[in-house]
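Step one of this worksheet: look at the structure below.
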Number of protein chains: 4
Amino acid sequence: MTKLWQKGYSVHSLVEHYEAGQNSKLDMRLIRHDVWGSLAHAAMLRSIEVLTADEHEALKAALCEILQLEATNEFIIQPTDEDVHTSVENYLTAKTGSIGKKIHTARSRNDQILVDTRLYAKENLHLVARKLFALCDALLTFAQKTMDIPMPGYTHMRRAMLSSVGLWAASFAEALLDDEQLLSTAYAISDQSPLGSAAGYGVPLPIDRQLVSDLLGFSRVQNNVIYVQSSRGKIEAAIVQALTQIMLDLSKLAQDMLLFTTAEYGFFQVSQEVCTGSSIMPQKRNLDVMELVRARAQTMLALQQQILGIISGLPSGYNMDYQETKRPFIEALDLVQESLDICTLVVNNLQVNTDATDRAYELTTSTNMPFRDAYRIIGAEVLAQLDRNVPFPVEGQEQLVNRLKARNHLGGAGNPGLAQAHQRLEQAKQPWLEQATAFKTAIQQLVGTQNYMQED
Amino acid sequence: MTKLWQKGYSVHSLVEHYEAGQNSKLDMRLIRHDVWGSLAHAAMLRSIEVLTADEHEALKAALCEILQLEATNEFIIQPTDEDVHTSVENYLTAKTGSIGKKIHTARSRNDQILVDTRLYAKENLHLVARKLFALCDALLTFAQKTMDIPMPGYTHMRRAMLSSVGLWAASFAEALLDDEQLLSTAYAISDQSPLGSAAGYGVPLPIDRQLVSDLLGFSRVQNNVIYVQSSRGKIEAAIVQALTQIMLDLSKLAQDMLLFTTAEYGFFQVSQEVCTGSSIMPQKRNLDVMELVRARAQTMLALQQQILGIISGLPSGYNMDYQETKRPFIEALDLVQESLDICTLVVNNLQVNTDATDRAYELTTSTNMPFRDAYRIIGAEVLAQLDRNVPFPVEGQEQLVNRLKARNHLGGAGNPGLAQAHQRLEQAKQPWLEQATAFKTAIQQLVGTQNYMQED
Amino acid sequence: MTKLWQKGYSVHSLVEHYEAGQNSKLDMRLIRHDVWGSLAHAAMLRSIEVLTADEHEALKAALCEILQLEATNEFIIQPTDEDVHTSVENYLTAKTGSIGKKIHTARSRNDQILVDTRLYAKENLHLVARKLFALCDALLTFAQKTMDIPMPGYTHMRRAMLSSVGLWAASFAEALLDDEQLLSTAYAISDQSPLGSAAGYGVPLPIDRQLVSDLLGFSRVQNNVIYVQSSRGKIEAAIVQALTQIMLDLSKLAQDMLLFTTAEYGFFQVSQEVCTGSSIMPQKRNLDVMELVRARAQTMLALQQQILGIISGLPSGYNMDYQETKRPFIEALDLVQESLDICTLVVNNLQVNTDATDRAYELTTSTNMPFRDAYRIIGAEVLAQLDRNVPFPVEGQEQLVNRLKARNHLGGAGNPGLAQAHQRLEQAKQPWLEQATAFKTAIQQLVGTQNYMQED
Amino acid sequence: MTKLWQKGYSVHSLVEHYEAGQNSKLDMRLIRHDVWGSLAHAAMLRSIEVLTADEHEALKAALCEILQLEATNEFIIQPTDEDVHTSVENYLTAKTGSIGKKIHTARSRNDQILVDTRLYAKENLHLVARKLFALCDALLTFAQKTMDIPMPGYTHMRRAMLSSVGLWAASFAEALLDDEQLLSTAYAISDQSPLGSAAGYGVPLPIDRQLVSDLLGFSRVQNNVIYVQSSRGKIEAAIVQALTQIMLDLSKLAQDMLLFTTAEYGFFQVSQEVCTGSSIMPQKRNLDVMELVRARAQTMLALQQQILGIISGLPSGYNMDYQETKRPFIEALDLVQESLDICTLVVNNLQVNTDATDRAYELTTSTNMPFRDAYRIIGAEVLAQLDRNVPFPVEGQEQLVNRLKARNHLGGAGNPGLAQAHQRLEQAKQPWLEQATAFKTAIQQLVGTQNYMQED
């Protein structure tokens, strides 16, 4: 197919291959968003009378055809098309002839990829938030059921203090709620309309950037056109930094799960359906997914590093380097969503082995220590006593729970503040729901019929 | 001196050395904050009658002595003291005898370092914000003066379009204003009181965590005590992620400065006082500081990587690994402040060589291209013409400015939206001022006399 | 298809999806190597009489069928097969019935992926070395042609000293020759046979690990079976660290190319066939591939970070995390090969614009400086003179070359040591050729007919 | 004091502060090496008669005075001196008058810092190698004592197979021996003399680069003068990449130690003198140093990232950015040495709790599995049996050891190949000893009296 910049000379095949990379495959993710951007741009060109009413109608019809094809996976970007913008333009030209070329007035591919990426980000961040909230719900539900189950608290990977299973579980929900704040700001920074920057220096035409922004449901125009280009990669990085925080929390959850389900700890069991086996050791129940979550937190860190590294030290103005940020960005959004789903699934399949948690805790008790807590701690002398088989006063389940309850200050094991956490969770959900509705409404009005947005 | 955990056996000197690291030196930065935390904790212990009124007064007096010593750099943490907490406790014990030990009731050093770090973060983030705003002011002032000076806009590091010096300068201010949003959220996450977590599992005493939080000027209590410990490093990472974004913007500014002050580009000159020379090449005027800003953006990336790497994969509960996050955190806050100052200084010492910007732009003009802008672009044929010395119609300064002005859509070269940027800047400053006042007021009330907070 | 560890219960689809990742696609790269490993393992099992001669023949025939299918891209790993090992075993079982199961005696999939990866590494490192040498050849050839062309040498991105185009080009060849030493050691560490570790703790069977190692052309057995597992990821990291060094050199080459082909510098031109255009600016000749090389050096850094991050802090023994190192490893090897090819292509299409290099150099000359070189340096006073149009004594091409020649100490512009560099290059090639031959011969003997190794 | 490049104008104090960084403090580490470089350079200048015999003697005497002062920590680089080169030159000028300036002929500070860094690298890499070998010795000695002690082998952090303590310990020695190969190549790349590059483009004087190289004990001259500058940071990175591999091995050792010394595993005990206590939990014996080793492996990764990040994308020629690589390089060398020492100390203080290893292993035994090993693996049914208190046939110590011995293939638990590992270790030591001797001899001859090299 014709490429937008083609001028009659042929490019070396190595160069073509090196530049194509996985572009056409990645851009399959951006078809919808590219069409939305084009619909808004066309409407604006109509409003400043660059397009006639008929031309606008023709373009709009053809663009909506693409949305329909995409909804059934029938719109394919050929490797020879290079990118989604070319693919869409070729379709428009095939359908509308020279009108298809006019839509390129007052914009460039730099503009288009920016708007595509922002819309993709907004759509996906809503999914991330929803899955994050689902995991919080699962953790708090589990915490509610297990807040009275004693469990040793660890420091330096040694049993140290009395804690509870519920306190442990709820700690991750609160971590994720802090992440939500980071995610929310990353969303806010993504929620500005880049269109009108063209190649980064604006155009000598009276374009209406605010109209395009409103039509696409952005909260504001990103003002300075040079900054529009400079923010490529930067905004992706801001998002991935927030995702990294989420993945690190999941990594801690995974590490705890892996330890607490070992034969040595034995605190938890996980249903068979979330485990896998081993070819040579058929009976073993491995929590492979948690190992992968742990590993993929590192993958996320590397994706963050990749984007930040690519944009560091670049001079102002569009640089081709930016294209290399697209893949890590899309992968990061996939990765976090899949990992959140997996963790929710595992939490929902988690059972406490109360024998093990009790037994472990009892091993940590002793008698006459200076601080009221310290005597519950294992140490050299205690171990020595254990080795000499000196019996310890073993507490019953009831006594343990009473001692848990005694830690009744805010956030303590006897008062883990689950109600407060629930309330914070519900408050956090609200603005996301409102923004999702606003976004959906804008797109719906733009498209005219249905929104073709991704639902999970 | 006596260490808090000392129990009669001696530790191998290699181990002592390995653990000490640069701790006592780093902790010199945290004396003030450690004392503030102790003042609040003591007041709370008094409120639940763990301390008598006399004990409280004695402790308060001794703690204020430390603040006075610190204000004149006379409070020194000896390497043998291990950390600031030990050093302060030793001072209290020396002054008040056994009362000095009682302040350790219901808290642990894990608690203390958390509160010290949060207070240090808050204090320093205010300084970062102030310096960021100062740079924005400098950039917008410069932009105002230079918004009518034409300059080539680059894509792919090639002259591409008509742009202006002011548009270029203002683009950095807008980038920094987006960073401010990230910084503000990082501040919000830091602004929760950790005290009361003790070793991470709370204490069986009716402590009043809300009171401590209010006394220290925190916006809220960090609820779940396990999450309090798990957030060590995590919150530092969130801050450093925001700082990384700032440094990347400065890195782009630095790269542009280095290019635009070369003999080849020659757009800008920088006053001698911000340049350095060279031993073997005495006449050369090097913009070394901009090279260092560029390099130190990478240092910031490494500091971010260090903190994120350290906390990744750690199980719940306090791990000694966290201690290793202190240094990169403190260094990151220093680094960003110094770099912001340097960039403000350089921007304030920047002069435009209008001959060079005009000449460069004129070289990019030609005649009969399809798009109204495209004919201003250099290309193979144009270069070939230049090589053949075919004369180009050279525009005068006035014509150029008129063409600039024609790009009068929002954010374009003829309408860079400096007023909007100024307004956004002023709005961004407001909440920081309010929070700074609230923080200062709280500390002042706690200390009773003066706040001993860092002013820049 | 049947999975090796399947035991009757079904795994949740989310878990399956999360674990599958891109495994079946990635493992398409490892078919050949998996079969080679199986051929050697089968031969060894025959030698210790675990397999009968007939069983061995049947297995060998079926394995060679797979090689033939793979050579024509007809052996496909279905996503349902999970990995290459399962896919191969399923094929064997389909062809040979229960014999196909016996080949799994005394090994595990952990073993198999290790041997596959090592063989893949060896095969690909030979290709990397070949492409690295090709680039060195191109650079030295270019250097030979351009060693007498004067060009300014830069420090701090400012023109500083007299240099030559050839000296510049040859500097990259020498950098790559240092990289070759790193690559060679990474190869040596990869060149140890892991087979016999099984799940990481050996097997209670008298297996002959040396035989397997010899059959596969490894230089030695990797002794300790726990270390065999612990080296997963570690050896991949060692290789990627060497590749990172190569990419950083290419990144510097790319940055220089991008600068030196700007209108501002104008030293070089690159043939049209390695450039691309721009949709909105049809005449512009962009060196996009060099921007991508620069960006992909950062991608390589991220791949290095990913592998190192994943393996850091893992306890001994196989962990599923290791699986996550496969993709960055394979991508890193692809990336470096493609980038080396691109750079060779660009170097071969590079032309010097001698007018520009001369002119630039002349601008750096002046008169009465203390050091013999220093007076050739641009500085504030010089610039001031230029601005006042004070004429400088302009040297002719001949004088410039004479001055170049005066720097005739080893490695200087007048004596760039191209002969020495050539000699070093030829010496470096030799061991790679010998090792390639030995490797090929071993595989040929193992397979019996042809080696099916990748040629570029 | 006078700075080398000072020309009468004063630099803004912020700029001075930003540029100074920790330079004068860091350069205190390089005094010796800077003097050695100057001694060699002076001898060469004498050989080409730039210096008279008297001048040479005067310079040599003054330089040796500096060595004597440095040996007793009396040579201090003042912050106002900026760097070691200025400090040394100021000393020479104070002592010898204008002769002190002549030594700067035909070299630049870029040259000097390169040679200082290379010599520092060589000196320190010898220390790293020695400490690495000491840890290997400790591990193999421990392995020899414990090779018959059964212990469970883990996969997926679950007990999987029969293994031995000695096999586990020896696995780390073999990992370190692979690292030694990487270290050795990094040493080889450092072992080239940069002197004569001056500011990166050579000098128009007939300097004798080979002589300087020989005098300093380098194995060869680094030929191309542009590459000399381009290798700044690159060679440091190559070294730190090797150090990263070492730290990752220590990180795995640390993680294993931390797990195996928990109450849950309880396999190992560590002497009290390498542990520390806790303020609130006086009896707890924490292996803090191993937590720090784990954390500092991440610090090493960040230092690697820092150096690689700084040099990525820099154009050819000296850039001030390179200065920023000095600190991470010096810190990385310190960090690895201290960490190796700590690990050796811990290994030498490690005791096996055979009750725990036996008990753990026995829990993994069962009866009727298809593979000879598989029946030793814990799984769901086994755990179910354990829960129902069905007794397992418990093996005695003797039976266990017999089963260990049955894994007698190369590298297996019954044949861990300690003799081979020892032999490899001794072979690896040899070239380091020879190179150390050669280096020491060269420096001794250069200095004339004693070498002032660092011994550990």
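Residue numbering restarts at 1 for every chain, and letters A, B, ... go by the order of the sequence lines.
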Sub-3.5 Å donor-acceptor pair from the side chain of [X] to the main-chain atoms of [Y], do we have one?
| X | Y | answer |
| --- | --- | --- |
| A:N408 | B:P206 | no |
| A:Q255 | B:G313 | yes |
| A:Y201 | B:Y154 | yes |
| B:R209 | A:L410 | yes |

Top of [options] for chain A proximity - count of heavy-atom pairs under 4.5 angstrom:
| options | result |
| --- | --- |
| B:R294, B:K405, B:M320 | B:M320 |
| B:L253, B:L314, B:T244 | B:L314 |
| B:G417, B:A173, B:G412 | B:G417 |

Under a 4.5 Å heavy-atom cut-off, does chain A meet the side chain of [X], its backbone, both or neither?
| X | result |
| --- | --- |
| B:L259 | side chain |
| B:A297 | neither |
| B:D321 | neither |
| B:S184 | neither |
| B:Q305 | side chain |

Between [Y] and [X], is there a side-chain heavy-atom distance shorter than 4.5 Å?
| X | Y | result |
| --- | --- | --- |
| B:H156 | A:N319 | no |
| B:P204 | A:R403 | no |
| A:L205 | B:R407 | no |
| B:F172 | A:S230 | no |
| B:L308 | A:Q304 | yes |
| A:P315 | B:F260 | no |
| B:D208 | A:H409 | no |

| said: Set out, in order, the CA-CA distance, both residues' side-chain angles and the distance that settles salt bridge (Lys or Arg N to Asp or Glu O under 4.0 Å) for A:R220 and B:D178, then state yes or no. | reply: CA-CA 13 Å; A:R220 62 186 183 90; B:D178 275 359; 3.5 Å; yes
| request: Supply the atom-to-atom distance B:W168 CH2 to A:N224 CG, rounded to the nearest 0.5 angstrom. | output: 11.5 Å
| note | Sorted by chain and number, sequence neighbours left out, side-chain hydrogen bond (donor to acceptor under 3.5 Å, both in side chains) with A:Q245 holds for B:K234, B:Q241
| query | Between A:Q420, A:Q192, A:M257, which residue shows the highest count of heavy-atom pairs closer than 4.5 Å to chain B? | reply | A:Q192
| Does the side chain of A:S316 come under 3.5 Å of the side chain of B:D256 through a donor N or O and an acceptor N or O? | yes
